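Okay, so here's the structure we're looking at.
One-based numbering, in listed order, for ligands and for the atoms of each. Remember, predicted model here, so these are calculated numbers, not experimental data.
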Amino acid sequence: MMKRNLILFLVIAWIASGCNGEKPYVPDGQGAISLIIVDTTGTFPGSEPGIPARMDGVAVSIQATTHEYTAATVADDDGIADFPDLAAGDYLVFTQCEVEIDAETKHILSGSGELQVSGTGIVENTIYVNKSTAGSLRINEIYYCGGDRSKFYFFDQFVEIYNPSTEDTFYLDGCILTRNMPTIDPDIEWIDHVRALYAFQFPGTPVTGREYPIYPGQYVVVAADAIDHSQWANALDLSGADWEFFNPLGNDYDVPGVPNVTSIHPDSRTDFMINLVHNAVVLTTGEEFAFETYINSAGYERTRVTLPLYTVIDGVEYAPDSDRTKELTMRVDAGFAGRGCTKYSGQSVERQNPDLDWNISLDWNNSTFDFDRILPPTPGYSNVHPVPVP
Ligand SMILES: [Ca+2]
Ligand SMILES: [Ca+2]
Ligand SMILES: [Ca+2]
């Protein structure tokens with residue numbers, strides 16, 4: 001694991017030097033950051049689910065985005081990490097540690113955030129970590145914005161899932177992909193589940209099923225509809241997709257020979273369609289979920305899907321700018337993919353993969369940092385030509 005940590009750190013350094021070569025050097029300042037690192041997942045040794053536990057002894061680092069500066073420390077006995085003598089500017093903060101449950105199971109606890117330091121004074125913040133299983137599946141690409149403005153065509157949306165492991169096979173049996181609730185929820189950081197407008201499930205038995213493998217290094221494409229959309233618009237040929245979303249309650253295509261990821265919502269009739277500007281997609285194990293009624297902004301009673309945080313494998317929120325209010329808890333994704341992505345631009349968002357030979361892609365659970373904007377979309381493979389962030 002030390003090797004992996006080292007590799008990721010080197011990647012960070014590489015990105016920093018690659019993207020930010022013209023940043024001004026800023027000498028020590030009068031500002032400070034004081035972070036409390038907290039686990040509510042019950043994974044940190046001695047903690048219980050739902051009860052905040054301060055994480056002592058974990059590594060915490062910061063990186064300025066407005067100038068050249070990085071620093072690292074270790075949280076003290078109270079789970080507090082202090083960074084003194086900081087110049088004014090914007091900072092990304094990261095923490096990550098590995099918890100060994102038994103010989104075969106390791107969990108990664110990682111957290112991140114973005115903070116602004118003014119000239120003087122201490123910026124205090126609490127970083128809530130998110131649990132992921134070492135080397136587990138990732139949402140690698142989301143194509144959502146559409147590519148044909150003249151026809152308002154966006155039915156060629158897809159989600160790409162990737163197995164970043166070099167030796168472990170994972171299984172999609174019973175896994176769920178969601179369209180997150182596109183609403184602002186003041187309680188978002190305090191509830192133990194994510195809320196979805198609708199959800200689609202792979203066949204098979206969650207957690208224990210072994211029918212639908214995804215092999216080390218393999219990409220799997222789940223298309224809204226697995227057809228050649230280029231016959232109707234300036235759109236993608238997704239006839240080679242591995243899976244397609246299917247809602248048996250709606251007038252949805254069911255392409256023969258392409259297996260379905262099927263809607264589980266009791267009364268939604270829509271196919272898997274996600275917002276063209278700002279939304280989130282979450283992948284869960286599918287072992288637990290529920291339905292609850294709510295009143296929507298128009299005053300109507302509707303049903304949404306709730307999925308416990310402990311079942312989340314990966315989640316990605318996207319938006320055109322980082323100033324948006326989060327719709328997905330920072331414990332799953334602390335940032336936003338897709339900065340600068342506009343409707344019908346044909347651009348896609350994908351995890352950065354700085355060196356394809358390393359066969360790694362970034363996962364800090366902060367999509368602002370982890371994702372690139374790319375053109376064209378790359379269903380079934382990885383990007384090599386990202387679009388620069390403006
Ligand atoms: Ca469909
Ligand atoms: Ca089908
Ligand atoms: Ca791809």
Side-chain angles (χ1 to χ4, degrees), residues 137-147 153-164 172 176-179 197-204 211-212 214-229 231-233 235-265 268-274 281 283 314 316 318 337-338 341 345-356 358-363 367 370-387:
L137 295 175
R138 291 174 194 167
I139 295 171
N140 195 65
E141 180 178 0
I142 305 173
Y143 177 56
Y144 56 87
C145 77
Y153 197 92
F154 57 88
F155 307 104
D156 54 345
Q157 292 179 332
F158 70 84
V159 177
E160 180 184 74
I161 301 169
Y162 175 56
N163 178 353
L172 291 166
I176 287 175
L177 278 167
T178 74
R179 174 187 180 173
L197 198 55
Y198 42 73
F200 289 68
Q201 190 166 30
F202 287 87
E211 285 181 70
Y212 305 104
I214 171 165
Y215 297 105
Q218 187 184 353
Y219 298 87
V220 161
V221 175
V222 188
D225 293 311
I227 56 174
D228 180 2
H229 297 267
Q231 57 192 316
W232 293 300
L236 302 175
D237 178 358
L238 295 178
S239 58
D242 303 279
W243 297 85
E244 66 176 346
F245 292 104
F246 179 64
N247 190 337
L249 300 180
N251 296 318
D252 195 7
Y253 274 105
D254 184 358
V255 179
V258 178
N260 298 339
V261 182
T262 306
S263 174
I264 56 171
H265 195 290
S268 169
R269 296 177 183 278
T270 27
D271 196 6
F272 188 87
M273 283 187 287
I274 48 179
V281 173
L283 174 69
D314 194 16
V316 176
Y318 58 83
C341 192
S345 65
Q347 298 178 351
S348 189
V349 298
E350 186 171 56
R351 282 189 193 280
Q352 297 192 37
N353 197 335
D355 186 332
L356 291 173
W358 289 2
N359 197 34
I360 64 163
S361 54
L362 294 185
D363 190 18
S367 294
D370 292 337
F371 274 72
D372 271 329
R373 215 154 33 94
I374 59 166
L375 183 71
T378 58
Y381 59 103
S382 187
N383 66 296
V384 285
H385 299 298
V387 181

Is there a side-chain contact between I227 and L238 (heavy atoms, below 4.5 Å)? no
At the Ca ion (ligand 3): angle between E160 atom OE2 and T378 atom OG1, to 10 degrees: 140°
Which atom name does E350 have for its N/O/S atom nearest to the Ca ion (ligand 3)? OE2
Has A223 got an N, O or S atom lying less than 3.0 Å from the Ca ion (ligand 1)? no
Are Y318 and Y144, when compared by the centres of their aromatic rings, separated by less than 6.0 Å? yes
3.0 Å cut-off met by an N, O or S atom of Y381 to the Ca ion (ligand 3): yes
Do you know which N/O/S atom name in E141 is closest to the Ca ion (ligand 3)? OE1
Sole residue of F272, F200, F158, W243 in side chain to side chain contact (heavy atoms under 4.5 Å, CB included) with V222: W243
Examine the side chains of Q201 and T262 and answer whether a donor and an acceptor come within less than 3.5 Å of each other. no
With a cut-off of 3.0 Å, does P256 put an N/O/S atom close enough to the Ca ion (ligand 2)? no
Backbone or side-chain N/O/S of Y253 under 3.0 Å of the Ca ion (ligand 2): no
Taking backbone and side chain together, does F246 place any N/O/S atom at a distance below 3.0 Å from the Ca ion (ligand 1)? no
So does Y253 have more than 12 non-hydrogen atoms from other groups sitting under 6.0 Å from OH? no
Are W232 and Y153 an aromatic pair, judged by ring center distance below 6.0 Å? no
What N/O/S atom of D225 gets nearest to the Ca ion (ligand 1)? OD1
Taking the Ca ion (ligand 1) as the vertex, how big is the angle to O in F245 and OD2 in D271, rounded to 10°? 130°
Tell me whether N163 contacts the main-chain N or O of I214 through its side chain, where contact means a donor paired with an acceptor under 3.5 Å. yes
Rounded to 10 degrees, what angle sits at the Ca ion (ligand 2) between V258 O and V255 O? 80°
The Ca ion (ligand 3) to nearest N/O/S of S348 less than 3.0 Å: no
Decide, counting backbone as well as side-chain atoms, whether D252 has an N, O or S atom less than 3.0 Å from the Ca ion (ligand 1). yes
If the test is side chain to side chain contact (heavy atoms under 4.5 Å, CB included), which one of P376, S348, P379 qualifies with Y143? S348
Do D271 and R179 sit within salt-bridge range, that is, some charged N less than 4.0 Å from a carboxylate O? no
Please find the pair of heavy atoms, one from L249 and one from N247, that lie closest to each other, and give the distance. N-OD1, 2.9 Å
From the N, O or S atoms in D254, identify the one nearest to the Ca ion (ligand 2). OD1
Backbone or side-chain N/O/S of E244 under 3.0 Å of the Ca ion (ligand 1): no
